[in-house]
Amino acid sequence: MLKTVRLDRWRPVGVVAFALFMDYLIYGLLIPLTPYSPARATTEAQLGLLYGAYSLGVLAATPLFGYLGDRIGYRRPIIGGVALSATALLLFWLAPQFQLLLVGRLLQGAASAANWTAGLALIAEHYSDDRVEMMGVALMGSTAGSLLGPVIGGALYELGGYSLAFVVTGMLVVIDAAACIFLLPRQQTVRARSPDIWPLLVDRSVLVAAAAVALAAIGWGIIEPLLPVQLTRLGVTPGVVGLVFTAGSVAYGLSAPVVAWASNH
């Protein structure tokens, strides 16, 4: 009985952690593989548009999924995010035209918005006593996905070609969908009234942090469309391209505690 109670306690955070893992896994998987897609997105301009389409999908869908989560609960938006991820993955696998790749990237961004808004909100609601700890556990999933996505994408391409990476990832998406459908809690707890967002938007500390995040995103957004295609032209294999971006994720993860230590001193 005690073991069952413990499993029930960890079940929601485990499902959300896996959803965030899949979000970053798919994102990283596409970095070394996109130049080899049937649509032949091989120019810097095309890769830049794909990066922008993902960001646009996140920006447009985040308030929508936040609104839906407050009104219909968080389980259904998370399941919807998995469906969007599956559709995006299918488009990147089979789409013969660049325009369809753009649609897939938009859907991928919307799926990410669903996971991050509804998923973390579900944890905040479900674990009121140890909310920060459980959010940290869930974010470990995104960190693992960012580390493994590029290197897995490159390795699977070299092992069995372009399609193998999508077949394997598709199986993981099916597992993700089953976990969200059968393991997430169905009941919706009573929520307190949402706070006024305007004071947050004009708070100086929030604005400074938002500006820092935006600058970091701009830096990453410059590198991601340019570096893979340049390395590919030099004859670098997808496996090595994946390792390059994984090294960046490792540097990010290792620097976080150093930054935290410096901030406290």
Working to the nearest 0.5 angstrom, can you tell me the gap between [X] [atom1] and [Y] [atom2]?
X      : Y      : atom1 : atom2 : result
Ile78  : Leu122 : CD1   : CG    : 5.0 Å
Thr143 : Tyr24  : OG1   : OH    : 8.0 Å
Thr117 : Leu64  : OG1   : CG    : 8.5 Å
Leu47  : Phe98  : CG    : CZ    : 7.5 Å
Leu106 : Thr87  : CG    : OG1   : 13.0 Å
Trp116 : Asp23  : CH2   : CG    : 7.5 Å

| said: Would Leu94 and Leu100 count as a side-chain contact (heavy atoms from CB on, under 4.5 Å) here? Give the steps. | reply: CA-CA 9 Å; Leu94 301 174; Leu100 291 176; over 6 Å; no

Please check: side-chain N/O of [X] versus main-chain N/O of [Y], any donor-acceptor pairing under 3.5 Å?
X      : Y      : answer
Ser112 : Gln108 : no
Arg131 : Ile123 : no
Tyr127 : Val13  : yes
Ser142 : Ala138 : no

Is it true that [X] and [Y] fall in one hydrophobic cluster, defined by side-chain heavy atoms closer than 4.5 Å?
X      : Y      : result
Ile79  : Val173 : no
Leu56  : Tyr27  : no
Ile181 : Leu68  : no
Val168 : Leu148 : yes
Leu159 : Trp93  : yes

| query | With under 30° as parallel and over 60° as perpendicular, where do the rings of Tyr157 and Tyr36 fit, or are they tilted in between? | reply | tilted

| query | Knowing that exactly one of Leu231, Leu243, Val241, Thr246 qualifies, which makes a side-chain contact (heavy atoms from CB on, under 4.5 Å) with Pro32? | reply | Val241

| query | side-chain contact (heavy atoms from CB on, under 4.5 Å) with Met22: which of Asn115, Ile175, Val82, Thr169? | reply | Thr169

Is the closest side-chain heavy-atom distance between [X] and [Y] below 4.5 Å?
X      : Y      : result
Met140 : Phe21  : no
Pro185 : Arg75  : no
Ser37  : Phe92  : no
Val167 : Met171 : yes
Phe166 : Leu30  : yes

Where [X] and [Y] come nearest, the two heavy atoms and their spacing:
X      : Y      : answer
Gly81  : Ala114 : CA-CB, 3.7 Å
Gly239 : Glu158 : N-OE2, 2.9 Å
Ala53  : Arg105 : CB-CB, 3.9 Å
Ala39  : Leu101 : CB-CD1, 3.5 Å

| message | Checking Gln46 against Leu50 for the side-chain contact (heavy atoms from CB on, under 4.5 Å) test, could you report, in this order, the C-alpha distance in whole Å, the side-chain angles of both residues, the deciding distance, and whether it holds? | response | CA-CA 6 Å; Gln46 288 175 323; Leu50 290 174; 5.6 Å; no

